[in-house]
Enquirer: 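One structure, pasted below without further comment.
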Amino acid sequence: MNKRWRPQEKEKEIYQFWEKNGYFTPKIDPEKKPFTILLPPPNANDPLHIGHAMYVVEDILCRWHRMRGEPTLFLPGTDHAGIETQYVFEKKLQQKGQSRFDFDRQTLYQMIHDYVEQCRGIATDQMRQLGFSLDWSREKYTLDPELLKIVFVTFKKLHQDGLVYRANRIVNYCPHCGTAFSELEVNHIERQDFLYYLDYGPIQIATTRPETIFADVAVAVNPKDDRYQNLVGQQATIPLVNKKIPIIADELVTIDFGTGALKITPAHDQTDFEIGQKHRLPSPSVISPEGKMINVPKAYQGLTVAQAQEAVVADLEKAGKLVKKEPITHSVGICYRCKNTIEPLLMPQWFIKIKPLAQKAIQAVKTGRVKIVPKRFEKLYFNWMNQIRDWNISRQIVWGPRIPAWYCLECHPQTRLEFIDAQGHQVQGRYQELKKNYSFEEIKAGLQTLTAPTEAHYFIEPPKQCPRCGSNRLLQETDTFDTWFSSGQWPFTTLGYPDSPDFRYFYPTSVLDTMWDILFFWVARMIMLGLYVTGEVPFRVAHMHARVVDEKGKKMSKSKGNVINPIDLVEKYGADALRMALIYGVAPASDVALGEKKVEAMRNFANKVWNAARFIILNLKSQNAKVKTTVKKLKLKKEDQEILKALRKTVKTVNRQLEKYRFGQALETIYQFFWHQFCDQYLEAVKGRREEALPTLLEVLITSLKLLHPFAPFVTEAIYQELKQHLPHSPWLEAPALIIAPWPQARGEQD
RNA sequence: GGCCGCUUAGCUCAGUUGGCUAGAGCGUCCGGCUUACAUCCGGGAGGUCAGAGGUUCGAGUCCUCUAGCGGCCACCA
């Protein structure tokens with residue numbers, strides 16, 4: 001044995017030993033209750049970042065349960081990560097001076113596909129390096145055909161149940177990313193802007209968005225506002241264009257904000273849209289999805305929103321309609337991905353009526369069918385679920401499963417199309433015009449996007465020809481599913497819903513572990529969709545692990561330059577060291593301050609364990625001892641009894657802490673016992689009577705190895721195998737490998 | 001505006017049915033290359049557990065308030 005534990009030399013070999021022997025692949029045994037964890041799929045195109053190293057929590061749970069004899073499935077997979085991946089890919093295009101608009105969607109999809117395939121193996125190799133006991137024989141990918149099939153079935157079911165609809169709604173549109181988002185993907189920042197007071201004839205309004213005045217359809221005041229009672233029913237005038245619009249009353253208007261009069265712009269503001277609906281007002285748009293002004297006086301046509309604002313304000317001032325402007329700090333939505341301002345736009349999108357699903361998902365947590373650990377996150381969950389809004393599941397990107405809906409172009413000639421023609425030029429327009437110059441086949445081959453009229457009929461199964469008009473000129477929706485729509489079904493798609501043996505045996509899964517930042521994005525959606533599709537919760541426990549921050553407690557980010565690459569740490573200190581550093585002394589769902597010093601300390605602990613084992617093994621050799629008995633049958637000295645008692649106490653404590661998901665304390669317990677009680681005290685005390693103490697030394701060592709194995713699988717397995725060489729038939733070493741050795745149970749020790 | 005979390009040794013943090021003479025790692029000081037390990041061993045210094053009040057035989061741990069920090073949610077134009 002080496003004087004030091006050398007992870008670099010042994011870890012890979014040990015991992016292969018486990019994998020080769022099939023220890024990661026559970027045997028379905030109807031007599032036994034399984035333990036199942038699905039790996040939250042990392043993005044297929046990215047190498048792992050330090051946050052992914054927190055998968056160690058799941059690996060600890062799996063290794064622990066596996067050693068308890070439960071058929072344990074830890075299922076790996078990766079996510080196509082729609083917007084994230086396309087965003088990264090578009091940046092690469094940009095570097096080459098290209099953009100997504102240069103390609104038809106098929107070509108673009110293929111390019112992204114190829115790019116992802118190049119990267120796909122990286123993350124999985126890294127997970128091996130970290131020692132995760134994943135069953136690679138079952139590895140999944142969100143774009144696997146058999147998974148997609150289930151996703152589409154879910155969509156059909158939602159459709160049949162009337163829970164899917166396509167409608168013109170205000171959506172959070174990012175002009176830069178070129179897609180709408182759900183409200184979860186919008187971040188809000190405080191921003192300094194101006195509040196402009198404008199003269200609308202008989203009334204003044206205040207707005208931060210003077211560039212949208214051309215889309216105003218009314219001015220609203222609060223019905224309780226005494227100042228304006230007499231004006232309701234009369235007309236206001238939009239300056240610059242002198243358009244008359246009604247003055248209406250609505251209680252959504254805040255009396256003491258601005259002038260108490262709100263211009264109503266239904267196409268560019270959520271509240272305005274609601275008020276507009278209520279009062280049956282029209283909703284003209286003046287901003288295009290590209291963020292340019294449309295349907296406005298010539299002077300502003302084609303300007304960006306920011307340019308238009310400047311121009312409109314200047315013109316208002318000239319016209320004497322700008323009463324005053326004052327600074328205002330307000331919150332603005334920005335794209336979580338590219339940080340550009342989100343533009344609320346009115347456009348047809350696909351939505352899921354989420355309330356019915358949410359109700360059941362709330363009940364599932366209330367009744368404890370799903371437990372959220374730590375419990376305080378349940379409140380967060382309820383808060384969000386109780387005010388949940390319909391889920392926009394359509395994204396105007398190509399990288400993802402296309403929504404399975406087909407439109408007949410002949411029935412809906414107003415359908416807007418963008419495509420690359422045979423000469424490679426981008427063409428856009430309505431089908432009724434385009435069909436004069438282009439064949440359907442040419443359009444279909446070069447298709448980029450399609451926007452059918454809001455009320456267009458669609459077919460969920462692609463018909464060969466339109467049942468209404470007989471045409472075969474049908475095109476599939478070009479919107480793709482929100483990534484979370486497919487990953488929200490991860491628990492049952494990966495297991496092969498509805499009738500695979502895996503699904504029947506391993507579903508519902510035991511624990512879902514993740515960070516709290518995707519509680520709404522992912523955890524809640526999985527509970528809703530899991531219950532909706534399978535009628536059963538997707539997991540019994542949702543455990544929130546800690547967030548990794550730097551050694552000063554600051555969030556890691558590329559811009560701060562404080563990111564740590566987990567693989568660098570593994571290569572330098574060993575996987576066990578990193579794993580323990582992420583766990584040791586960390587409170588549930590708090591922050592882990594990870595610095596190299598901590599990893600080093602844990603590396604030292606792994607080495608300590610190695611050396612304690614080495615000491616015992618050297619004694620085994622030098623004494624040429626035949627240690628065949630167990631401690632039970634021996635006469636023990638007081639110090640032996642004490643260390644064994646302390647060992648039993650440790651076993652008991654560790655078990656209790658693991659059951660309560662207190663991994664940080666469990667590891668600390670083992671660490672303190674092993675290093676300071678066992679090594680510093682007992683082992684030193686016993687140096688005068690080594691042979692006599694051997695049974696006790698072995699008992700404590702091997703039990704400790706078992707306790708420590710989930711946390712530090714490599715060094716413990718390495719030692720276990722060393723021991724087996726020297727004690728081939730020992731009753732202590734009952735298993736061929738530590739990974740499947742029986743877990744130590746507490747035996748009624750009271751203290 | 002609502003909700004949540006944090007404030008414990010120089011630094012980063014543990015401390016969950018209230019019983020601790022308050023712990024760890026790192027750092028620091030003193031002394032040790034003792035044949036398991038210097039990635040080590042032995043010893044030491046270092047805390048009015050943010051502040052105030054309350055409950056209790058007993059509070060870092062429960063309650064109230066205050067201050068500072070961080071986060072999440074929210075349609076105030």
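Each chain gets a letter, A, B and so on, in the order its sequence line appears, and its residues count up from 1. Because the structure is predicted, anything quoted here is derived from the model rather than measured.
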Enquirer: Taking B/U7 as the reference, what is the distance to B/A77 when you measure between their P atoms (whole Å, please)?
Expert: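 Roughly 35 Å separates the two P atoms.
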Enquirer: Rounded to whole Å, how long is the line connecting atom CD1 of A/Ile388 with atom P of B/C73?
Expert: 13 Å
Enquirer: Could you check whether A/Thr329 and A/Gln192, counting side-chain N and O atoms only, form a donor-acceptor pair closer than 3.5 Å?
Expert: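 Indeed, the side chains of A/Gln192 and A/Thr329 share at least one donor-acceptor pair under 3.5 Å.
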Enquirer: Return the set of residues passing side chain to side chain donor-acceptor pair (under 3.5 Å) with A/Thr207 (not counting sequence neighbours), or none when no residue passes.
Expert: none
Enquirer: Passes side-chain contact (heavy atoms from CB on, under 4.5 Å), A/Lys572 versus A/Val599? Steps please.
Expert: CA-CA 10 Å; A/Lys572 195 163 171 191; A/Val599 185; over 6 Å; no
Enquirer: Give, for atom CG of A/Leu519 and atom CZ of A/Arg525, the distance between the pair rounded to the nearest 0.5 Å.
Expert: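 If I round to the nearest 0.5 Å, the distance is 11.0 Å.
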Enquirer: Rounded to whole Å, please give me the gap between CG in A/Asp256 and P in B/G1.
Expert: 13 Å
Enquirer: Check side chain to side chain donor-acceptor pair (under 3.5 Å) between A/Glu639 and all other residues, then give those that pass, not counting sequence neighbours.
Expert: A/Arg689
Enquirer: In whole Å, I'd like the distance from the CZ atom of A/Arg389 to the P atom of B/C73.
Expert: 11 Å
Enquirer: The criterion is side-chain contact (heavy atoms from CB on, under 4.5 Å); which residues satisfy it with A/Lys724, sequence neighbours excluded?
Expert: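 For A/Lys724, the residues satisfying side-chain contact (heavy atoms from CB on, under 4.5 Å) (neighbours in sequence not counted) are A/Tyr720, A/Gln721, A/Leu733.
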Enquirer: How would you list, by chain and number, every residue that makes a ring pair (Phe, Tyr, Trp, His ring centres under 6.0 Å) with A/Tyr661, sequence neighbours excluded?
Expert: A/His543
Enquirer: Which is true for A/Gln672 with a 4.0 Å heavy-atom rule: it touches a base, it touches only sugar-phosphate, or it touches nothing?
Expert: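 The answer is sugar-phosphate, as A/Gln672 gets under 4.0 Å only of primed atoms, P, OP1 or OP2.
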Enquirer: Is it true that A/Glu274 and A/Thr271 share a donor-acceptor pair across their side chains at a distance under 3.5 Å?
Expert: no
Enquirer: Name the closest nucleotide to the A/Phe520 side chain, picking from B/C73, B/A77, B/A36.
Expert: B/C73
Enquirer: For A/Arg6 and B/U39, is the shortest distance between a side-chain N/O and OP1 or OP2 below 4.0 Å?
Expert: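 No, no such contact exists.
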Enquirer: Quantified in whole Å, what is the P atom distance between nucleotide B/C33 and nucleotide B/C41?
Expert: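 It works out to 16 Å between them.
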Enquirer: Closer than 4.0 Å, any side-chain N/O of A/His330 to the OP1 or OP2 of B/C76?
Expert: no
Enquirer: Is any side-chain heavy atom of A/Tyr228 closer than 4.5 Å to a side-chain heavy atom of A/Pro202?
Expert: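 No - every pair of side-chain heavy atoms lies 4.5 Å or more apart.
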Enquirer: Quick check: on RNA chain B, is the nucleotide nearest A/Ile255 upstream (toward 5') of the one nearest A/Glu600, or the reverse? Name the residue that is more 5'.
Expert: A/Glu600
Enquirer: Between B/C72 and B/U12, how far apart are the C1' atoms? Round to whole Å, please.
Expert: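 Per the computed distance, 24 Å lies between those C1' atoms.
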Enquirer: Between B/U61 and B/A9, how far apart are the P atoms? Round to whole Å, please.
Expert: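 Looking at atom P only, B/A9 and B/U61 are 15 Å apart.
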Enquirer: Counting Watson-Crick and G-U wobble pairs with both distances under 3.5 Å, what is the dot-bracket string for RNA chain B, 5' to 3', using [ ] for crossing pairs and | for pairs to another strand?
Expert: (((((((..((((.....[...)))).(((((.......))))).....(((((..]....))))))))))))....
Enquirer: Test of understanding: with side chain to side chain donor-acceptor pair (under 3.5 Å), list the residues that count as partners of A/Asp193, not counting sequence neighbours.
Expert: A/Arg191, A/His330
Enquirer: Would you give the length of the straight line joining atom CD of A/Gln270 to atom CG of A/Leu346, rounded to the nearest 0.5 angstrom?
Expert: 10.0 Å
Enquirer: Mind calculating the distance between CH2 (A/Trp384) and P (B/C73) to the nearest angstrom?
Expert: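 About 10 Å, once rounded to whole Å.
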Enquirer: Phosphate oxygens OP1/OP2 of B/A36: is one of them under 4.0 Å from a side-chain N or O of A/Lys687?
Expert: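 The answer is yes; a side-chain N or O of A/Lys687 sits under 4.0 Å from OP1 or OP2.
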Enquirer: Round to a whole Å and report the spacing from NZ of A/Lys555 to C1' of B/C72.
Expert: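 It is 11 Å, rounded to the nearest whole Å.
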Enquirer: For B/A67 versus B/U21, give the span between their C1' atoms, rounded off to a whole number of Å.
Expert: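 So the two C1' atoms sit 32 Å from each other.
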Enquirer: For A/Asn611 and B/U34, give me the distance from atom CG to atom C1', rounded to whole Å.
Expert: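 Result: 15 Å.
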Enquirer: If you take any heavy atom closer than 4.0 Å to RNA chain B, which residues from residues 262-271 of chain A end up in contact?
Expert: A/Leu262, A/Thr271
Enquirer: Does the cation-pi check pass for A/Lys608 over A/Phe678, that is, NZ or CZ under 6.0 Å from the six-membered ring centre and within 45° of its axis?
Expert: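 No, cation not above the ring by the 6.0 Å, 45° rule.
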Enquirer: How does each nucleotide of nucleotides 40-46 of chain B score, in 5' to 3' order, for protein heavy atoms under 4.0 Å: base (B), sugar-phosphate only (S), or none (-)?
Expert: SSS----
Enquirer: Apply side chain to side chain donor-acceptor pair (under 3.5 Å) to A/His268 and list each qualifying residue two or more places apart in sequence or on a separate chain.
Expert: none
Enquirer: Can you measure A/Gln387 atom CD to B/C75 atom P for me and round it to whole angstrom units?
Expert: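 Atom-to-atom, A/Gln387 to B/C75, this comes out as 7 Å.
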Enquirer: Quote, to the nearest angstrom, the C1' distance that separates B/G46 from B/G23.
Expert: 13 Å
Enquirer: Taking the side chain as C-beta and beyond, is there a heavy-atom pair between A/Ile60 and A/Leu658 under 4.5 Å?
Expert: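 A side-chain contact exists here, since the closest heavy-atom pair is under 4.5 Å.
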Enquirer: Near RNA chain B, counting only heavy atoms under 4.0 Å, which residues of residues 183-216 of chain A show up?
Expert: A/Ala206, A/Thr207, A/Thr208
Enquirer: Which residue, A/Phe377, A/Phe521, A/Phe520, A/Trp516, forms the ring pair (Phe, Tyr, Trp, His ring centres under 6.0 Å) with A/Trp384?
Expert: A/Phe520
Enquirer: Out of the candidates A/Trp610, A/Trp5, A/Tyr671, only one should pair with A/Phe605 under the side-chain contact (heavy atoms from CB on, under 4.5 Å) rule; please name it.
Expert: A/Tyr671
Enquirer: At under 4.0 Å between heavy atoms, how does the protein contact nucleotides 3-15 of chain B? Give one character per nucleotide, 5' to 3', with B, S or -.
Expert: SSS------SSSS
Enquirer: When the C1' atoms of B/C26 and B/U35 are compared, how many Å lie between them, rounded to an integer?
Expert: 30 Å
Enquirer: First locate atom CG of A/Leu198, then atom CD1 of A/Ile238, and finally report the distance between them rounded to the nearest 0.5 Å.
Expert: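 Rounded to the nearest 0.5 Å, the CG-CD1 separation comes to 11.0 Å.
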Enquirer: Closer than 4.0 Å, any side-chain N/O of A/Arg4 to the OP1 or OP2 of B/C37?
Expert: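 For B/C37, neither OP1 nor OP2 has a side-chain N or O of A/Arg4 closer than 4.0 Å.
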Enquirer: Once ring pair (Phe, Tyr, Trp, His ring centres under 6.0 Å) is applied, do any residues pair with A/Phe194, and if so which ones, sequence neighbours excluded?
Expert: none
Enquirer: Taking atom C1' in both B/C20 and B/C73, what distance in whole Å separates the two?
Expert: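 These two C1' atoms come out 39 Å apart once rounded.
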Enquirer: With heavy atoms under 4.0 Å as the rule, sort A/Phe377 into base, sugar-phosphate or nothing.
Expert: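 If one applies the 4.0 Å heavy-atom cut-off, A/Phe377 turns out to touch nothing in the nucleic acid.
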Enquirer: Whole angstroms only, please: what is the CD-P distance between A/Gln277 and B/C75?
Expert: 17 Å
